[in-house]
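Some notes on the structure that comes next.
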Amino acid sequence: MRATDVIKGFHHITVCVAGAQEDVDFSTKVLGLRMIKQTVLFDGTAPIYHLYYGNADAEIGSVWTTFPFKQAGIYGRQGTGQIKTTGFSVPTGSLDFWAEHLTKHGVAHDGIQERFGEKFIEFKHPSGLGLSVVGCDDDPRNAWGFDVPADKGIRGFYSVQLAVRDLEEPEFFLGHVMGFTRVGQEGPVTRYAIDGGGYNRIIELYHMPDTKQGTWTFAVGIPHHYALAVANDGENKQYKDYVEGFGYTDVSEIKDRNYFHSTYTRTPAGVVQEVATSDIGFAIDEPADKLGHQLLLPPWFEDRRQEIVSALEPILVPEYIR
Ligand SMILES: [Fe+2]
């Protein structure tokens, strides 16, 4: 078995932002994503929102999820061992629009840049998280098209870039263990392609040998993990057994995340790699055309609903789900 027998691309990416309202506004109005789920962090005891955004179809590989940690007052330090930049796929011809759109919303950027023959714009989420829009012309997925026109919008993920102090072990993990293809290197960036590459299947190592390890805990401005998609629990178990067979025993048991089942692996890059199933989905507890309309709790938290809801700051959700 090889990991690429079961892993075909990203499932979701999860980060810790600052304020909940600031995140809702940025993710929907600036990134133009569709808000698809309001729930809470399943781990720990302090009530923290877990907000999910995606493309028009709430598709696996487009799901950007955030924990607004400002409420808990926990702040982090960016560094190596973390996701440096999350890249979203947009049409190349829309990059001029994006440069203007970001400027209009007061988001600083250095304009259109190019690497590996691809054009992109880098910018930051208000909480300091690194983001980019990457020009990709063969991505058939549907952008939401509410605050950003559908023909210019984000269709889902393009790539994830990890900041690493050392390249050797992370390269061994991505190349030899995960079986991703080493595409090449340009400046500090080494690129790997998951299952042939293309949108939703690029993972990069950004070599920062002089940068300290960043915060591993949940904290404002800290990306928590990237998740890769498998079909079901059977495939997740196959992946877990396979990775453990190399000696990477830091793989969690399969956890019930209500919308998917997940294992978590601490990789040699320092970054957490989740592997999540695709056979449950976001329409398990609300209709597919009404995703994100209400605060949903997993069944095992329902008896604490009042306590949880009263501890969360109220948020004003986008017009289309009010
Ligand atoms: Fe996750």
Side-chain angles (χ1 to χ4, degrees), residues 3 6-17 20 23 27 33 35-44 46 48-55 58-69 76 81-88 125 127 129-131 156-157 159-162 178 194 200-201 203 214-233 235-237 239-240 243 250-267 269-282 284-285 291-292 296-298 300-301:
V6 294
I7 286 166
K8 306 296 179 192
F10 294 108
H11 186 289
H12 65 269
I13 291 163
T14 295
V15 298
C16 299
V17 297
D23 180 59
S27 300
L33 297 171
M35 192 171 187
I36 58 169
K37 194 66 73 182
Q38 301 178 54
T39 182
V40 295
L41 173 60
F42 293 181
D43 297 334
I48 296 284
Y49 276 115
H50 194 183
L51 305 174
Y52 288 61
Y53 309 91
N55 67 10
E59 232 170 321
I60 300 295
S62 77
V63 180
W64 165 254
T65 95
T66 66
F67 297 126
F69 253 83
Q82 293 177 342
I83 296 172
K84 185 173 188 292
T85 307
T86 298
F88 293 99
H125 184 281
S127 59
L129 293 156
L131 304 174
F157 296 118
S159 54
V160 173
Q161 196 176 72
L162 316 178
M178 295 304 293
I194 303 168
N200 202 39
R201 294 187 293 275
I203 188 158
T215 302
W216 276 18
T217 59
F218 292 130
V220 170
I222 301 302
H224 193 255
H225 59 262
Y226 64 88
L228 300 167
V230 290
N232 51 41
D233 286 346
E235 288 194 357
N236 213 339
K237 179 73 170 53
Y239 155 80
K240 178 175 158 65
V243 169
D250 288 339
V251 186
S252 75
E253 294 308 311
I254 296 180
K255 293 176 192 258
D256 183 358
R257 299 320 196 183
N258 213 23
Y259 311 107
F260 41 84
H261 294 166
S262 299
T263 59
Y264 299 82
T265 309
R266 181 67 73 174
T267 72
V271 181
V272 173
Q273 171 176 287
E274 176 180 344
V275 169
T277 56
S278 310
D279 55 349
I280 305 173
F282 300 102
I284 187 183
D285 53 3
L291 296 178
L296 292 163
L297 303 179
W300 59 91
F301 274 178

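Start at 1 and go down the list; that is how both ligands and their atoms are numbered. Source: prediction; values computed, not measured.
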Closer than 4.0 angstrom, basic N to acidic O: yes or no for Asp43 and Arg257?
yes

Less than 3.5 Å apart, any donor N or O on the side chain of Asp279 or His261 sitting next to an acceptor on the other?
no

Non-neighbouring partners of Phe157 that pass ring pair (Phe, Tyr, Trp, His ring centres under 6.0 Å), sequence neighbours left out:
Phe88

Non-neighbouring partners of Val6 that pass side-chain contact (heavy atoms from CB on, under 4.5 Å), sequence neighbours left out:
Met1, Val230, Glu235, Gln238, Tyr239

Please list, chain by chain and in numerical order, all residues satisfying side-chain hydrogen bond (donor to acceptor under 3.5 Å, both in side chains) with Ser262, sequence neighbours excluded.
Glu274

Establish, yes or no, whether a centroid distance under 6.0 Å links the rings of Phe67 and His224.
no

Could you grab the protein N, O or S atoms closer than 2.8 Å to the Fe ion (ligand 1) for me?
His12 NE2, His225 NE2, Glu274 OE1

